[in-house]
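Following: one structure in structure tokens, then a few remarks.
Quantities reported herein were computed from a predicted structural model and do not represent experimental measurements. No hydrogens, no waters, no symmetry mates; every other heavy atom, side chains included, goes into these values. By convention here, the first residue in the shown sequence is residue 1.
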Amino acid sequence: MDSRLISLRMRASLCGHHLCGAERIVAEGEVVAATTTMVTRAMQGAGALPDEVHCSLERLDPASIRLVSLPDVATFEVSDWQSGRRLAKQLLTRAGVSLEAASFALELLAAGPGPDGTVMRGAVIMNARTGERLETDAGRGVRVSRMDLEASVRPAIESMLAAAGLGHHRVAEALVLAAKVLSAPGIVAEVCWSDDPAYITGYVADPQYGYQRITALKESGDPRGGRVFFVDPEMTLDTLSDYLEFRPVLCNALGRISPPTFWSE
């Protein structure tokens, strides 16, 4: 591992509303190229031209970096988003989330978890037993940051994902984020679907079963989405937030990729 690593973060917004973001951890010599790629993505791939693009750079302490493996990947094909949400509820309860909390989380994401039904910039933190929201800012939530694939394994992992039909950068980035979340203290499970109106696939992730893609978790054209992290009731929010937002994590291996299966009720 290169001892001179830089955390790069980009976020783009329009009229104060978040459009897109990206995270990389790169060697010093790759900073310019990686930043250019991020800004290009913000200007061309956000669905609208942003009026603000912010990029930040932070030198990392090599001793602070944690190495983790990407989770196993499974894909469940469902007939529609209603079936997808019923499956998500089953996967969450199997992971140890109460039915009450799982149901509330899905309803929350469907309605828009931010103030007045808006999309949050980060994630909801939810008590896995009671469904109580724990984040202190309902607009921002808790943001997962400072994470990436380790450079030495990136080509091999991207090739394996592409061979499995999962080659879009969105999948790799979601896997990296899920890997960091699942390595955090007190995490029971996660559920997520995108606020991109055209992207309806989402996932449930948990430490035992890994990253479980569900091909439809919302109706096409719906601009709402977000993510919920379910936590052990004994978890201290400050400890979790500090890990998710500030602890650098590099993913250095890929778990097993299962072939897609059709889920029927």
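- Around the CZ atom of R129, the shell of radius 6.0 Å holds no more than 12 heavy atoms that belong to other residues, nucleotides or ligands.
- Remark: side-chain polar atoms of R224 are paired, donor with acceptor, to backbone N or O of A110 under 3.5 angstrom.
- Remark: the Q212 side chain and the R94 side chain contain an N/O donor-acceptor pair separated by less than 3.5 Å.
- Checked options T236, L244, D242; the residue passing with L240 is L244 (criterion: side-chain contact (heavy atoms from CB on, under 4.5 Å)).
- For the residue pair R256 and S258, a side-chain donor N or O sits within less than 3.5 Å of a side-chain acceptor on the partner.
- Taking all atoms of both residues into account, the shortest heavy-atom contact from A123 to F229 is CB-CE1, 3.4 Å.
- The line from CD of E52 to CG of L19 is 10.5 Å long, rounded to the nearest 0.5 Å.
- In this structure the side chain of V68 reaches within 4.5 angstrom of the side chain of C251, judged on heavy atoms.
- In this structure, the side chain of T35 engages the main chain of V31 through a donor-acceptor pair within 3.5 Å.
- Taking both residues in full, the closest heavy atoms of Y199 and K218 are given as O-CE, 3.4 Å, listed atom of the first, atom of the second, then distance.
- Proximity of L92 to F230: side-chain heavy atoms (C-beta onward) are separated by under 4.5 Å at one or more points.
- Heavy-atom minimum distance, L14 versus D51: CA-OD1, 3.4 Å.
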Practice prompt. Determine, step by step, whether T130 and E100 satisfy the side-chain hydrogen bond (donor to acceptor under 3.5 Å, both in side chains) criterion, reporting the C-alpha distance in whole Å, the side-chain angles of both residues, the deciding distance to 0.1 Å, and the verdict.
Written response: CA-CA 7 Å; T130 67; E100 178 185 11; over 6 Å; no
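- Looking at S241 and D238, their side chains never bring a donor and an acceptor atom within 3.5 Å of each other.
- Figure legend: cation-pi geometry between R213 and F76 absent, as NZ or CZ is not positioned both under 6.0 Å from the six-membered ring centre and within 45° of its axis.
- With respect to E150 and R154, no salt bridge is recorded, no charged nitrogen being found less than 4.0 Å from a carboxylate O.
- Scanning all heavy atoms of the two residues, the minimum distance from Y211 to A174 falls at OH-CB, 3.4 Å.
- With respect to E23 and R146, no salt bridge is recorded, no charged nitrogen being found less than 4.0 Å from a carboxylate O.
- In this structure, the side chain of R247 engages the main chain of S64 through a donor-acceptor pair within 3.5 Å.
- Under the salt bridge (Lys or Arg N to Asp or Glu O under 4.0 Å) rule, E245 has a single partner from R9, R140, K180, which is R140.
- The shortest distance between side-chain heavy atoms of R86 and E265 falls below 4.5 Å.
- For the residue pair Y243 and S183, a side-chain donor N or O sits within less than 3.5 Å of a side-chain acceptor on the partner.
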